[in-house]
Amino acid sequence: MSVELPPGLAVLIVEDGDEYLDTLGRFVPGPRWLQARSARAALEVLARETIDLLYLDMRFDRSPRHDLVGDLVAAVARNGGDPERAWRHLALHQGLYILDALARAGHGHLPALLAYDFAREPRRFVFLRSTWPRLDWVSDGATAADIRAKMVAVLGRSVAP
Amino acid sequence: MFAVVCWLGSALALPLPAGVTPMSVEVAGEAGSPAVAAAITVLGDPVTSASLADAYLQAGLDLQRRRQFDAAAAAVGIAWALRPNDAAACEALAAIHDARHESAPAEWWFLRAILLDGRRASARQHYAEFLVGRLDEAAPGRDVRADAAAAVAHLQAANTLPDHDAALVCSLGRALALARRCADAAAAVEACLRLPTRKAPRRRPADLHVAVGDCHFADGDFAEADAAFQRAGAAGFAVSARLDAVRAARDRIRIEPGPEHEGVDQRARDLALRAIAALDGLGERRTADATSPALNPAAGGAAPLTPNGSARAQEAVRLATTLIGAALRLAPESGLVQFARAESLVAAGAQADAELPFARALALGLPDDRWTARAAASLGRLYLRWGDGARSAQAAVLLDDAVRLEPTRADLRWDLIDAHRKAGQLRPALHHLDRWLRREDAGTADQRRDALALRRALQAAVGPADSASNGSLPVGPAAAATVAALREARRLAADDRYRDAADALRRHLRTARAAPALWNELALYVEALGDPRGALDARLRSLAVDAAQPDVQLAVGRARLHANEVTLARRHLLEAERLGVADATIQLVRLDVPAEPGLLGWRDVRRTALLAGLRQRLDGALTRSDARVPRRDTPLGRSLRASLDGRLAVARAWQVLALLLVACGAAVLAWWRWGGLDLKHFLDDHPGAGADVVRVLAAIRHEVLKHNTVALEGLAEALERGLPEAADQASHVRRTLLGGGVEAAVVDRLHGYVRELQLIARAHGERLNPRRDRALRALLRGFGLVGAQRRALGQVDALRASGRLALAAALRRAARWLNAEAWAAVTDLLDELRRLRVDAALLQRVFARTRAEPDLAALAVAPLDLDAASDLPVWVDVPRAAFDDVLTNLFRNAIQAGTALEPDAMNGGGTGARGPVRVGVGVHFEVDPITGLEGVAVAVKDCAPGDLDDARIRSAPVERGLGLCRDLVERHEGSLDVRPEPAPWRKALVVRLPRADPPAAAGGRT
């Protein structure tokens, strides 16, 4: 039984390439798919568009470093003082840093789907949802129906869990 | 005739004799023909005929003088017809024909005239002059001495007759010169020149001098030749070329006077040897041991000079002739000189003339046995070449002498065998053949094979004669004539008269053709005598009478084989085999054996069955007990069997080698297909590669598996529902997954990662087989299923509904492989690789193992001080081996640092007494507030102050100690740093590792 998406849905995809836009645009028709390649670009879209849902990639390893957000100093300290590993850490978890940046900019109420498999890290996801109540995740192996179901579910989730 | 006479009468203005009546004889034949003669005889009156003959003869002579030769011939012909025994008419007719250059009839008439009247000097003189004139026109190189000698004889005979012409001596001079009787010629010429001119009006002195000079030159008497040519020149003849030739010849032979002690014989011998040396350079040699042809009497002798012989050969013959001429003048009685002369004649092609000097040489004696053997052999070969039976017998005698003198000369023995065979003397031929075969080094393999075949033939021919009385004759009353014929033939054969025996058989066969025994006997004889075709013909005639003769069938088969008539040979050999002849089978096997085994016998690999069949057939023939004809050719059978065995062995070796190669290839393929390790086993053996493998697997999960399910399932759904966007989606799937676009396709990335994993394994000396690994196999299978649909994905619009459904089904299968199988496998493997449960027991075990190390075992070390507030147990994302290595290093460093402290310090600044070294450990969680990433901080504490800081840790070399620890933890997304620690500790080295959820807590994908 396929789940129907609400009409007129606007979804902002934040990714470092075009794969999600291509795939979702083709295989999950219905929503208006918008795209941003960085936190700054996402904030610009959010400033001019009404976005119903955020759809975020986790890894931004193709993005230029100046587009990455996050506390580099803390990252360096966390990575044994190695700046390269710090940059890599920021890139690999950039989706969460972007969410943090958006929350700080006042968009923490938006429902968000993170393209990441938390199936083996349930405790981590619980922790993340504690700071972003309308967060859910989609594994890379999800079908279009799975994605639609997740979208509907996260849209129906209230801000206060 | 009347018409002839009338015509001649009118033509010659002669009156017809009285009493001659015209007769209706229509003759238009040549004068002197039998028809004319017949006509004349009917005239009847002898007196009238004689007078008429005189008249016509005289008329003819007049006409001849007026050079009206046709009319003269007709008139004289009538005269001869009227009086056939008239030598004058014959001479006149000869002269007329000579004038008309009709050599053959001229000679005929001359000879007839001389036969009719031997004392007719003019006829002899004219005939001699005719001969001399003909010699002048003879072709260069032709031996003219026979004609010249005849001319001399006639002239000398004429010279004794009373009515001879005084000028005859001039002709005699020329004839003598041509006959190479140079001294007599010179004397005759002198006599001629002394004649008054009126008596010899036609003499030409210059020609005579030239003839004498040529004679001297040919004999090598260059001084006399030079004098004669000088005289010819003085008489006006152009002799410069001849004088040059004389000078050249003198230079060539350079006959110098020998030393006083050197006799004439020695010089003649030297000249002869030089001539022989020149001749030995011609033609082929029959012996190979001629070390010095110039002085080697064992040389084969001169070969006849062919008309198209090379200029060099002709020059050699000329030189030899010149040398021999000189030698003959010096010592004509020398055997060696005579031998050289004979050799030169053979070389010049005058074999008939060589017989006498060869005989003289043998009679006069030669320097030693070798020369004697050579001369005897040469004459023997000459006789052998002439070929008739009597000459062959003489040749056998001579060659037998030669062989006796030179018993080691195989070529002489072969010639002797040949001579005996041609003479019909088969027993001595067999004897000498056996002698030759007894020599181990005799001939090549082919020659020995031929010799053995010949011996068989000779033995076969000799055998019946020897067994004439032992019952090998046909029996029965009908065979009486055959038996008689055979007895006669065998009696002759027993006397070694095989030619006569063969002739006797032929005589009998003229009347008794249906006698196979006679034909067979004849075949044996003629085959042994060297006539294989005759033998074959005889055997075929025998078989025509009785085809069921196994031996004869075999013999015909062999003869056909020898003549390269393979098809016919096979027919006879098969018949012989059918009749039970084992040798026929052997011959057939030899025929059927493939000729070319190829390089190293590789061609025989495909012929193994054929070769084995032949081998079996051969075995059957060689071991058959019911063969009706005893085997005689077992050596051939044995050699064939050996050859087949060898070839079969080689072929089978090739086959075994090929099988081994195939087996090796199959093993390699099997190893390639099923060999090698999967990731789990590889990492079990090489845990140090875990970090690299984890990195690649994580990349595969993220880069390869991402989006696949949504795309494949979405497309499948669109296809099943017949949605119009299916084509665009299919194109997208094809481009992104399989390639064809600008960006690298997913499948290419997958293959890149698989190669990277294989390289990692290779770096550890292992082979990673993706087909054996659950995760990689599922990935490759899934993409393989998609790849198989590449064409369908490109033409979705053209697919029928069933095609679309089939494509959708395939895509769903691929999605299941990628989503369920591959994803789960990769994730499980990642979990298995890096998830480790850390608890107090593990920490204690590592600590206990560390302090038990040889370097630390003697130290006093307190039990591990585990912080009671530690968050244990806890799961971390790091392989067990890496965790053990890191912790062991840190414990070791802490113990070693503790032993170097002052006693107070060891106890945290206590009593001053030295106590055991203390090491503490605490484990606590850390959570990143943004990413939610949980870390586990394992702090190894000690009491040593040290000067360690983060900078030193980062700069420590990775090969050992802290550097190695740092590298290990960083490869698993961890870190290592140092921090101060409250008393009683001084500092702590803190390892931070990613925290993992326990397996039970980790769910599947949603």
Side-chain angles (χ1 to χ4, degrees), chain A residues 2 17-20 22-29 57-59 61 70-71 74-75 77-82 85 88-90 92-93 95-97 99-101 115-131 136-147 149-150, chain B residues 698 701-703 705-718 723 725 728-729 732-733 736 743 815 818-820 822-824 827 830-831 835 926-935 950-951 953-954 966 969-970 973-977 992 995-997 999 1001-1006:
Chain A
S2 181
D18 294 320
E19 291 86 359
Y20 286 101
D22 276 353
T23 306
L24 296 174
R26 279 188 174 79
F27 297 99
V28 188
D57 192 4
M58 177 68 95
R59 294 167 63 129
D61 47 358
D71 186 348
R78 180 185 171 82
N79 286 278
D82 185 346
R85 292 187 61 212
R88 183 161 170 268
H89 168 83
L90 291 180
L92 292 181
H93 304 92
L96 294 170
Y97 285 105
L99 270 184
D100 180 61
Y116 186 81
D117 190 349
F118 284 100
R120 282 173 168 73
E121 301 173 76
R123 198 172 46 247
R124 182 184 177 196
F125 182 69
V126 170
F127 174 83
L128 290 173
R129 186 174 271 179
S130 68
T131 58
D136 208 340
W137 57 273
V138 179
S139 82
D140 289 324
T143 65
D146 295 337
I147 294 171
K150 285 278 187 180
Chain B
R701 190 168 66 174
H702 182 73
E703 298 287 335
L705 293 174
K706 200 178 197 178
H707 313 302
N708 292 336
T709 307
V710 65
L712 293 173
E713 293 282 358
L715 174 57
E717 184 179 348
L723 300 179
E725 58 265 34
D728 175 62
Q729 293 176 358
H732 171 79
V733 165
T736 55
E743 296 179 2
L818 294 174
N819 184 23
W823 179 273
T827 305
L830 282 171
D831 290 347
R835 189 162 292 177
E926 294 174 346
V927 181
D928 183 275
I930 297 176
T931 62
L933 287 171
E934 292 179 299
D950 290 344
I953 291 174
R954 280 197 299 275
R966 176 181 56 79
V969 298
E970 286 181 354
E973 304 299 324
S975 64
L976 175 66
D977 49 42
R992 288 190 171 82
R995 184 185 179 193
D997 288 292
R1005 297 165 67 188
T1006 62

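Here is the naming used below: chain letters follow the sequence lines, and residue numbers restart at 1 for every chain. For clarity, every value in this text was computed on a predicted model and none was experimentally measured.
With a 4.5 Å cut-off on non-hydrogen atoms, A:Phe118 does not touch chain B at all. Residue A:Asp136 does not touch chain B at all, counting heavy-atom pairs closer than 4.5 Å. Contact annotation for B:Ala996: only backbone heavy atoms (N, CA, C, O) come within less than 4.5 Å of a heavy atom of chain A. Of the atoms belonging to A:Asp100, it is side-chain heavy atoms, and not backbone ones, that fall under 4.5 Å from chain B. Neither the backbone nor the side chain of A:Asp71 comes within less than 4.5 Å of any heavy atom of chain B.
Residues A:Glu19 and B:Thr736 form no side-chain contact, since every pair of their non-hydrogen atoms from C-beta on lies 4.5 Å or further apart. No side-chain heavy atom of B:Val710 sits under 4.5 Å from any side-chain heavy atom of A:Thr143. Side-chain contact between B:Val733 and A:Phe27 is present, with heavy atoms from C-beta onward closer than 4.5 Å. In this structure, B:Arg995 and A:Arg123 have side chains that are in contact, with non-hydrogen atoms separated by less than 4.5 Å. By the 4.5 Å heavy-atom criterion applied to side chains, A:Thr23 and B:His732 are counted as neighbours.
Per-residue counts of heavy-atom pairs under 4.5 Å with chain A were compared for B:Val927, B:Asp928, B:Leu715; the largest is that of B:Asp928. Most heavy-atom pairs under 4.5 Å with chain A, from the set B:Asp728, B:Asp977, B:Leu723, B:Leu712: that is B:Asp728. Options B:Ser975, B:Ala711, B:Gly714 differ in how many heavy-atom pairs under 4.5 Å they form with chain A, and the most are formed by B:Ala711.
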Under the salt bridge (charged side-chain N to carboxylate O under 4.0 Å, His left out) criterion, do A:Arg85 and B:Glu970 qualify, and how do the steps go?
CA-CA 9 Å; A:Arg85 292 187 61 212; B:Glu970 286 181 354; 3.5 Å; yes
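Expressed to the nearest 0.5 Å, how far CG of A:Leu99 lies from OG1 of B:Thr931 amounts to 11.5 Å. Note that NE2 of A:His93 and CD1 of B:Ile930 are 12.0 Å apart. Values are rounded to the nearest 0.5 Å. Here A:Asn79 contributes atom CG and B:Leu976 contributes atom CG; the two are 12.5 Å apart, rounded to the nearest 0.5 Å.
With B:Gln729 contributing its side chain and A:Arg26 its backbone, the two residues share a donor-acceptor pair below 3.5 Å.
Take A:Arg78 and apply the salt bridge (charged side-chain N to carboxylate O under 4.0 Å, His left out) test, not counting sequence neighbours, and it matches no residue.
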